[in-house]
Structures are given as structure tokens and as C-alpha cells.
Amino acid sequence: MAETNDAADKKVLNFLEEIIENDLANGTHKSILTRFPPEPNGYLHIGHAKSICLNFGLAKKYGGKTNLRFDDTNPVKEDTEYVDSIMEDVRWLGFEWASVHYASDYFDQLYEWAKVLIKKGLAYVDDQSLEEIRKNRGTVTVPGTDSPYRNRSVEENLDLFERMKNGEFPDGSKVLRAKIDMAHPNMQFRDPIMYRILHAEHHRTGNKWNIYPMYDYAHGQSDSIENITHSICTLEFDIHRPLYDWFIQQLGIFPSHQYEFARLNINYTVMSKRKLLQLVKEGHVSGWDDPRMPTICGFRRRGYTPEAIRNFCERIGVAKRDNIIDYSLLEFSLREHLNMIAPRMMAVLNPVKVVITNYPEGQVEMLTAINNPEDESAGTRQVPFSRELYIERDDFMENPPKKYFRLAPGQEVRLRYAYFITCQEVIKDADGNITEIHCTYDPATRGGDAPDGRKVKGTIHWVSAQHAIGAEVRLFDRLFKVPAPDDVEEGHSFLENLNPDSLKVLTDCKLEPALADVKPMDRMQFERLGYFCMDKDSTPEHLVFNRTCTLKDSWAKING
RNA sequence: UGUCCUAUGGUGUAACGGUAGCACAUCUGACUCUGGAUCAGCUUGUCUAGGUUCGAAUCCUGGUAGGACAACCA
């Protein structure tokens, strides 16, 4: 018995949790402090969400804290616009940081430490040009060669470095380099650049600095200053870790440690900031928050919930091997949550008129509909029914295949929460398009059940024509038509893989009147169609809804 | 041809020398006033060759495959 419980309680830990539990157990750390360190040069995407959930989630799980730190060491690319959006997105995801920091807060300290390294003979000012430095770095298989300025005296280095700071030299004329080993097999150790001259205005420090630290020199020391215990980043920094440790060790400061995990990839999408920026700049999407974008703000506008994204990040796991997650896992997490919380409504996207020929003209009755079968507390609502209705064009077929359960000549179906109707006649225009479907209803089936116990195979949704409100509905599909949009032949662009049908705008949709009351960002299910939310473009005069995702549709599968 | 990382069903992820499990996807079936949801079930896997061991997905060696590193980006 106890054994079964142990087995059931046995925690499945990922490798980061194991490291943390070990550190806590053996006293390496009393508590943990993580950090989320975005560069404020773009909008956060779902890949960042993984990192956010990891850093904040791990700290939360083990009773620690998380700092938000903007890695703002490159003033030419960064902007406060991004700082604001990043904070908004992190909060929307449901996380709160212990404190906000900026790498730029540490510029003075970093400068002092650079002088320490110079004095220890571990850093020097190099006058080589960008091209020379590049050339002399060698290649992965060929050792680099020492700079002719490599053996300047400490005094000269100190003097030059201070004058760099004071702005005496033009951009690109000098850099400060760590003096390590130009023949090192790890390229990161071939005298990495610590500072470059940049006469650029910084979004926080203004014009105070003429030199700015590079990532490798700034990041580890920033972690150390904040006493970060576990500095969690993606795999591509793995090769930087020895250098991360080197700076900390030479400076003799708090030993933060870096751990790397594999970044998130999802099929049918791209995740690089550069490509996302290109999609926005070239107008392939309407902006960073286009509902087809894998950005946090894109998902938000699309109607995703923070819970869904968090659950997704939980489910994908953490490891060090490259991975490509099925888009369907994201949608599963989404539907799982939306199914629980989204009120059900009826909306007809592609309307065709139905006339109930034996229903009294001018009569209107209110029928009771359940708001959410998964949540009794959501209650019920009244939906008006009348002689003329709209139903989905797809819910009628003149010559249906065998397993078609919906409306067809002579076939009886249930109108959701209303009556059974039977199709008697199809009215067409001169071109053969169906304009009206004439049906009869069975008054005894009011509410949707037949007293005689007879069953119908199909139930379809509907909207009373005279009560319907019009709306625009935007149907989104995957932005790319192939699983690996990045995977293109030489000379081709990922843009060629864009799905031309990723957005379909429907302008003649008919909604049940209750939808007039919803507000932008409100989420709901349109029965049988999918989950939707009101878009921010929506106005009382012109309602706009986004389709967040479809319902699972086993008919579509059968039908091909 | 250097250094480092990684390799478990279709996709992810567990198993920490002792029965290869879970989730998504797929397929079956049940149920259903959403062809939704729910429930039940099936199929599919340890890259390869050696070695250590009573026993290897796990440890060791070689191979193979994939990825990262040669910005004054992060």
C-alpha cells in the first residue's frame, strides 16, 4: 500500500530540478534566485514563454525568487518600447518578478572590474580593425594569431581604456579584449572582446558612456552582482559557459552558474526574432500582435489564455536535445482550458436562410440554452426563435454522402435547444445557388427532445433571422504551409512557405443577439465551430471576432 | 578537419545497473441535444558496433547522425 503511494507520488524531475534539489539538499544554496534576461530589442514570443515559465516556475516551486533583467548592452538596437511590452507580456503570463534590473545599472561596476582585469594583465586594448581582428581569430580548425597590441603595458592599457571611455576615439578604432589564448580550441577563448566604442545614446544611460560591454563580459557579472544562483539559458550559450566561469573566477566574485536547455521549436512556425521582425516590417502580417504571430501579444490577441500557454510549457518538458513540438500540443492545451471556461454561443458564419413553413408568421419564442455544459454555474440564457432562421451553409447538402447527419432533403435534424425540423424543399436562384431551404418543424419537440422518443443523428446551430446581429469574423490558419518553414534551399526564403490562406475574412456572419454584449478580448465558443474572441478592432457598429482555434472535427477527418 | 552538446514510438518526455512508462497525435469502440467534451482500448520506440556485468536505454570505447561556436549581436 505504502509502496503504491510512493510510486504515485514519485516526482518526475527534469534535469534542472534535479540540479536545484541537489544544491538545496547539499547546502550549496539556501534558496534559489533565477532571472529572466531579455534584450529589449523585440517582442517576446512563445519560445520566451518557455524560458519565462522555467525561470519563474522553478523559483516558485522551490520557494525562491526571480529577477527581471534587461540585457541592454547594445544601445543601437534597444528601446524602451520593448521594455514596456516585455513587462506587460511577463505579467500577462501570470508572473511577477522580485525586482527589475538593467545590465546598464552595472556599467560602472563593470568598468571598474575591467580595470581590475587590465591590472592583472588579463585584458588589453587592441587597435586592430574589425577586419584584422576577424582574420586573426583564425577558424574553428586554424588557430588565431596574437594581436600586435597584445603586450601593451598595464599603464598604457589603463590610459587607453580610460580615454576610450572618455570618448577620445572614434567608433571601431579600439576594443578592450580579454587576454586568454588566441590558439584556444574553444573560439570563445580567443581573446574575446569585452568592450567596444559606441558613441550612441542609450535608452537609460543617455550619453554617459562611449563604450559598451559585450554580452560575455556583462551577463555573468550581472548574474553575480544580483547573486543569481541558477542562470538558465538556451543551448547556444553552452559554449560560452567556460568564459562565463572564467570572468567570475578571475574577478573572485559571487559564483553564479549557468545551465543550458534546448530552446522551443514548434512546427509550422518560425521563432527567430529576425524573421518575426521581417514578417512585420514587410507587411506579411499586420503587426507584432497579428493573431497569426507566435508572439505572446499575438497569442493574446488570438484569444489564447495564459493558463493554456503555461500548461503547454509544462507539458513540453525541458531537456538538452533539440526538439520540434507538434502544433497540436499547443492547441490541445488551449482547448483544454477554453473548454472549461468559454461560454457557448450560437453564430452562423456562412449563412443560408431556412424558412419553417408551418411555424406561425410573426411568432417569436424564447428558448433556454445552456451557457457551458462543463460549468453549471455559468447558467442558462434565452435565445429567440422565429419562422425564419439562418443555418450554416455546410449544414445542408442536397445530395449528401452516406454518413452525413445534418440537413438534407427529407432528412430530420435537431435545431440546438429548439425543434426537430425536416427539409421539404430547396429554393434556388437562376444560377442554381441555394437561396432558401423550406422545412417543417414538429411542435412537440420544443426544447430539442421528442416525446415519442425518436432520435435524430444530427444537431445543428442556428440564429433567428430577424434577431441576428451582423459581424465580421476572421478565420486564422497556420501562418506557414509546411512543417519546417526555415528549411529552405540555398537562395530561397522562408517567406515562400507562407500559407496564402492563413487569413480568411468573413463579413456576413449572423450572431445570436447575446453576442452584442461582449467586450473586446472576451472569449467564447461558437457552438460546433470553435473558440472565438472579440478583436480589439471591434466597435459597436462593426463587430469583429477572431477564431482562436477550431473544435476538434472528426467529421472533417472522415470527409477528407 | 578543432572544441562542446545531443541521440528512447509520428512528436515530446520519463525510467538514475533490475518489468521501457506518460502526454500529444493516429486508429477502434462506447456515450452524447456541439460530428465538441468525456470514457475505454489498439498500434508504434532505446542510432550502430563492440566491451564491462548475473543483468545495460542507463557505464566504457569506436562509429554514425543532428546541433552550437569563427558579430565590435544577445
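Letters A, B, ... mirror the listed sequences (proteins, then strands); counts begin at 1. Predicted, not measured: the structure shown is a model, and the values here were computed from it.
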**Student:** Specify the residue among A/Lys50 and A/Asp322 whose closest nucleotide of RNA chain B lies further upstream toward the 5′ end.
**Tutor:** A/Lys50
**Student:** Among B/U3, B/U34, B/C5, which nucleotide sits nearest the side chain of A/Asn186?
**Tutor:** B/U3
**Student:** Tell me, please, which residues at least two apart from A/Lys135 pass salt bridge (Lys or Arg N to Asp or Glu O under 4.0 Å).
**Tutor:**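 In terms of salt bridge (Lys or Arg N to Asp or Glu O under 4.0 Å), with neighbours along the sequence ignored, A/Lys135 is linked to no residue.
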**Student:** Take atom CD1 of A/Ile324 and atom P of B/G67, then tell me their distance rounded to the nearest Å.
**Tutor:**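 The answer, rounded to whole Å, is 10 Å.
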**Student:** List in chain and number order the residues that pass side chain to side chain contact (heavy atoms under 4.5 Å, CB included) with A/Arg393, two or more places apart in sequence or in another chain; answer none if no residue qualifies.
**Tutor:** A/Asn350, A/Val352, A/Ile434
**Student:** Please confirm whether the shortest side-chain N or O distance from A/Arg321 to OP1 or OP2 of B/A14 is below 4.0 Å.
**Tutor:**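 For B/A14, OP1 or OP2 has a side-chain N or O of A/Arg321 closer than 4.0 Å.
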**Student:** Would you call A/Phe70 and A/Tyr82 a side-chain contact if the rule is heavy atoms closer than 4.5 Å?
**Tutor:**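 Result no, sub-4.5 Å side-chain heavy-atom pair not found.
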**Student:** Calculate, to the nearest 0.5 Å, the distance between atoms OG1 and CG belonging to A/Thr459 and A/Leu415 respectively.
**Tutor:**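 Atom-to-atom, A/Thr459:OG1 and A/Leu415:CG are 9.0 Å apart.
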**Student:** How long is the span from the CZ atom in A/Arg137 to the CZ atom in A/Arg190, to the nearest 0.5 Å?
**Tutor:** 9.0 Å
**Student:** Round to a whole Å and report the spacing from CG of A/Leu16 to P of B/A14.
**Tutor:** 10 Å
**Student:** Considering just the side-chain nitrogens and oxygens of A/Arg528, establish if one lies under 4.0 Å of OP1 or OP2 belonging to B/G35.
**Tutor:**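 Answer yes for this pair, as a side-chain N or O of A/Arg528 is under 4.0 Å from OP1 or OP2.
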**Student:** What stem regions, each of at least 3 consecutive Watson-Crick or G-U pairs below 3.5 Å, can be found for RNA chain B?
**Tutor:** B:2-7 with B:64-69, B:10-13 with B:21-24, B:27-30 with B:38-41, B:47-51 with B:59-63
**Student:** Is any side-chain heavy atom of A/Asp238 closer than 4.5 Å to one of A/Lys320?
**Tutor:** yes
**Student:** Using whole Å, report how far CZ of A/Arg416 lies from P of B/G36.
**Tutor:**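 About 12 Å, once rounded to whole Å.
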**Student:** List for me each residue that meets salt bridge (Lys or Arg N to Asp or Glu O under 4.0 Å) alongside A/Arg315, sequence neighbours excluded, and say none if there are none.
**Tutor:** A/Glu336
**Student:** Give, ordered by number, those residues of residues 340-351 of chain A having at least one heavy-atom distance below 4.0 Å to an atom of RNA chain B; if nothing qualifies, reply none.
**Tutor:**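 Contacting residues: A/Arg344.
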**Student:** With a non-hydrogen cut-off below 4.0 angstrom, is A/Tyr212 in contact with a base, only sugar-phosphate, or nothing?
**Tutor:** nothing
**Student:** For the C1' atoms, the ones on B/U58 and on B/U53, what distance do you get once it is rounded to whole angstrom?
**Tutor:** 13 Å
**Student:** List for me each residue that meets ring pair (Phe, Tyr, Trp, His ring centres under 6.0 Å) alongside A/His184, sequence neighbours excluded, and say none if there are none.
**Tutor:**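 Testing A/His184 for ring pair (Phe, Tyr, Trp, His ring centres under 6.0 Å), a comparison that skips the adjacent residues, returns A/Phe189.
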**Student:** Report which part of the nucleic acid A/Ile316 touches: base, sugar-phosphate, or nothing (heavy-atom distance under 4.0 Å, all strands).
**Tutor:** sugar-phosphate
**Student:** Looking only at atom P, what distance separates B/G41 and B/G50, rounded to whole Å?
**Tutor:** 39 Å
**Student:** Just how far, in rounded Å, is P of B/G35 from CD of A/Glu392?
**Tutor:** 12 Å
**Student:** Under 4.0 Å, counting only non-hydrogen atoms across every strand here, what does A/Gln525 touch: a base, just sugar-phosphate, or nothing?
**Tutor:** base
**Student:** Does A/Leu415 reach a base, just sugar-phosphate, or nothing at all? Heavy atoms under 4.0 Å.
**Tutor:** nothing
**Student:** If you check the A/Asp238 side chain, which of B/A37, B/G12, B/C4 turns out closest?
**Tutor:** B/C4
**Student:** Give me the distance, rounded to whole Å, that separates B/U3 from B/G55 when you measure between the P atoms they each carry.
**Tutor:** 34 Å
**Student:** Pick from A/Asn74, A/Asp72, A/Thr205: which one makes a side chain to side chain contact (heavy atoms under 4.5 Å, CB included) with A/Tyr212?
**Tutor:** A/Thr205
**Student:** Please measure how far the P atom in B/U61 lies from the corresponding atom in B/G67, and state the result in whole Å.
**Tutor:**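 So the two P atoms sit 24 Å from each other.
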**Student:** Side-chain contact, heavy-atom cut-off 4.5 Å: A/Phe385 with A/Ser464?
**Tutor:**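 Contact flag for A/Phe385/A/Ser464 side chains = no.
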**Student:** Using atom types as modelled and distance alone, determine if a side-chain donor or acceptor of A/Asn372 lies under 3.5 Å from a backbone N or O of A/Pro343.
**Tutor:** no
**Student:** Could you pull out all residues at least two apart from A/Asn371 that satisfy side-chain hydrogen bond (donor to acceptor under 3.5 Å, both in side chains)?
**Tutor:** A/Arg381
**Student:** Considering every strand and a 4.0 Å limit on heavy-atom distances, what is the contact class for A/Tyr404: base, sugar-phosphate, or nothing?
**Tutor:**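 Counting heavy atoms under 4.0 Å across all strands, the contact made by A/Tyr404 includes a base.
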**Student:** CD of A/Glu376 versus P of B/A37: gap in Å, rounded?
**Tutor:**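 Computing the A/Glu376:CD to B/A37:P distance gives 21 Å.
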**Student:** Mind listing the N/O atom pairs, protein and nucleotides 19-22 of chain B, below 3.5 Å?
**Tutor:**
none

**Student:** Take atom P in B/C69 and the same atom in B/A15, then report the distance between them in whole Å.
**Tutor:**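 It works out to 29 Å between them.
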**Student:** Assign A/Lys457 to base, sugar-phosphate, or nothing according to its heavy-atom contacts below 4.0 angstrom with the strands shown.
**Tutor:**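 No contact at all - A/Lys457 keeps every heavy atom at 4.0 Å or more from the nucleic acid.
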**Student:** Decide, for B/A71, between syn and anti: a glycosidic angle within 90° of 0 counts as syn, anything else as anti.
**Tutor:** syn
**Student:** Run the side-chain donor-acceptor check on residues 42-51 of chain A: report pairs under 3.5 Å with partners two or more places apart or on a different chain.
**Tutor:**
{"residue": "A/Tyr43", "atom": "OH", "partner": "A/Glu81", "partner atom": "OE2", "Å": "2.9"}
{"residue": "A/His45", "atom": "ND1", "partner": "A/Gly47", "partner atom": "N", "Å": "2.9"}
{"residue": "A/His45", "atom": "ND1", "partner": "A/His48", "partner atom": "N", "Å": "3.4"}
{"residue": "A/His45", "atom": "NE2", "partner": "A/Met271", "partner atom": "O", "Å": "3.0"}
{"residue": "A/His48", "atom": "ND1", "partner": "A/His45", "partner atom": "N", "Å": "2.9"}
{"residue": "A/Lys50", "atom": "NZ", "partner": "A/Ala262", "partner atom": "O", "Å": "2.7"}
{"residue": "A/Ser51", "atom": "OG", "partner": "A/Asn55", "partner atom": "ND2", "Å": "3.3"}

**Student:** How about A/Trp209 and A/Pro75: do any of their side-chain heavy atoms sit closer than 4.5 Å?
**Tutor:**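 A/Trp209 does not reach A/Pro75 side chain to side chain.
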**Student:** What nucleotide, of B/G36, B/U8, B/G12, holds the atom closest to the side chain of A/Asn339?
**Tutor:**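 Selected nucleotide (nearest to the side chain): B/G36.
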**Student:** On RNA chain B, nearest-nucleotide positions of A/Leu529 versus A/Ala262: which is more 5'?
**Tutor:** A/Ala262
**Student:** Could you list the protein-to-nucleotides 70-74 of chain B atom pairs, N/O on both sides, closer than 3.5 Å?
**Tutor:**
{"residue": "B/A71", "atom": "OP2", "partner": "A/Arg134", "partner atom": "NE", "Å": "3.3"}
{"residue": "B/C72", "atom": "OP2", "partner": "A/Arg137", "partner atom": "NH1", "Å": "3.4"}
{"residue": "B/C72", "atom": "OP2", "partner": "A/Arg137", "partner atom": "NH2", "Å": "2.8"}
{"residue": "B/C72", "atom": "N4", "partner": "A/Gln128", "partner atom": "O", "Å": "3.4"}
{"residue": "B/C72", "atom": "N4", "partner": "A/Leu130", "partner atom": "N", "Å": "3.2"}
{"residue": "B/C72", "atom": "N4", "partner": "A/Gly172", "partner atom": "O", "Å": "2.9"}
{"residue": "B/C73", "atom": "OP2", "partner": "A/Arg196", "partner atom": "NE", "Å": "3.1"}
{"residue": "B/C73", "atom": "OP2", "partner": "A/Arg196", "partner atom": "NH2", "Å": "2.9"}
{"residue": "B/C73", "atom": "O3'", "partner": "A/Arg196", "partner atom": "NH2", "Å": "3.3"}
{"residue": "B/C73", "atom": "O2'", "partner": "A/Asn74", "partner atom": "ND2", "Å": "3.3"}
{"residue": "B/C73", "atom": "O2'", "partner": "A/Lys77", "partner atom": "NZ", "Å": "3.3"}
{"residue": "B/A74", "atom": "OP1", "partner": "A/Thr73", "partner atom": "OG1", "Å": "2.5"}
{"residue": "B/A74", "atom": "OP1", "partner": "A/Arg196", "partner atom": "NH1", "Å": "3.4"}
{"residue": "B/A74", "atom": "OP1", "partner": "A/Arg196", "partner atom": "NH2", "Å": "3.0"}
{"residue": "B/A74", "atom": "OP2", "partner": "A/Tyr215", "partner atom": "N", "Å": "2.9"}
{"residue": "B/A74", "atom": "O4'", "partner": "A/Glu39", "partner atom": "OE1", "Å": "3.4"}
{"residue": "B/A74", "atom": "O3'", "partner": "A/Asp71", "partner atom": "OD2", "Å": "3.2"}
{"residue": "B/A74", "atom": "N6", "partner": "A/His240", "partner atom": "NE2", "Å": "3.4"}

**Student:** Which residues pass the side chain to side chain contact (heavy atoms under 4.5 Å, CB included) test with A/Thr234, not counting sequence neighbours?
**Tutor:** A/Glu236, A/Phe237, A/Phe261, A/Arg263
**Student:** Give the rounded distance in Å between these two atoms: OH of A/Tyr327 and C1' of B/G12.
**Tutor:**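 So the OH-C1' distance, A/Tyr327 to B/G12, works out to 17 Å.
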**Student:** Distances under 3.5 Å only, N/O to N/O: pair up the protein atoms with those of nucleotides 23-26 of chain B.
**Tutor:**
{"residue": "B/C24", "atom": "O2'", "partner": "A/Ser328", "partner atom": "OG", "Å": "3.4"}
{"residue": "B/U26", "atom": "OP1", "partner": "A/Lys557", "partner atom": "NZ", "Å": "2.6"}

